[in-house]
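These notes are about the structure you will find just below.
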Amino acid sequence: MSDVAQSFALQSELRQIANLVLLFGFVLTLAGEWLLPPPGTRWDRARFVHGAHNLALWLIGVVFVSIVFGSTVWALLQWLQMRGVGVLYFAPLPGWLHAVLAFALLDAADYVFHRLSHNLRWLWLMHAVHHSDPRVDATTNLRQHPLHLVLTQSWKIAACAAIGVPAWVYLVHEILNLAFAYWHHAAIRWPRVLDRALSWLVVTPRLHWNHHSPVQERTNSNYGVILSCWDRAFATLTPPAEEPAQFGLAALAAPRWHSAFGMLATPWRARSLPRL
Ligand SMILES: [Zn+2]
């Protein structure tokens, strides 16, 4: 089999793994939440309604993203790789080092976009839908505004083109990104000692709890998803939270912000809110 055919076969396998992680990551997170719930967890009607709204928004997002991009993302990433587009292709690097640098720089690009999503008002109005969730659990990971999903995907394609990220490295990063995002948002009793130890290298649930705090200084910190080094390097790291105290955004606490329609309309309805 030629190198190109091998590369395409690998990408096809990685895409299947990404879909499996998306599905089974959700099921595993739910199972973990059922078996190891934090103190005071109640599986009541409110929790199911909350989950249903988040899932409805996610489904709308999936349809919207597939309408906008179709299969162009994969075709584009393969084209970029075959043409050798991006800075790293100009450096005479061994394959393994190219892959490691591409992975790290793509992760840094994710950090930058997440930080921009908090600092540019128009992006924040979309990203606030994720942060307004008064609970943080398996479904919070899926609670993203469809327009923000499209912009995130566009940013990633642009980052791959600028950096020179091979398509398979992008897919490996996506798979880890998904797995880490489920882990961060899981409402599971999670050992403090282990969290502290791992937080030196990667973003842990207790680091991410701070990012979902209604206290603005904490919300505007811990932007990383996989590696914690970017927050450390750019002085945006706050230490792991002790316990999941309170989540959400005070300005978007009312029930009308949490229906599927309320979340879709947030970027327009919330424009004039002074405290958001
Ligand atoms: Zn955020």
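The basis for the numbers below is simple: all heavy atoms, side chains too, and nothing from hydrogens, waters or symmetry mates. Ligands are counted one by one from 1 in listed order, and the atoms in each one are counted from 1 as well.
Among the atoms of H130, no N, O or S atom falls under 2.8 Å of the Zn ion (ligand 1). With 2.8 Å as the limit, H212 does not count as an N, O or S neighbour of the Zn ion (ligand 1).
Checking R143 against H258 by side-chain atom types alone, a donor-acceptor pair falls below 3.5 Å. No side-chain donor-acceptor contact under 3.5 Å links S117 and Y223. Looking at H131 and H211, their side chains do bring a donor and an acceptor atom within 3.5 Å of each other.
Nearest N, O or S atom of H131 to the Zn ion (ligand 1): atom NE2.
To the nearest 0.5 Å, the span separating CG on L249 from OG1 on T219 amounts to 6.5 Å. Here the OG1 atom belonging to T266 is positioned 9.0 Å from the CG atom belonging to L276, to the nearest 0.5 angstrom.
Note: angle at the Zn ion (ligand 1), from NE2 of H118 to NE2 of H114, is 100° (rounded to 10 degrees). H211 contributes NE2 and H127 contributes NE2; the angle these two atoms make at the Zn ion (ligand 1) is 170°, rounded to 10°.
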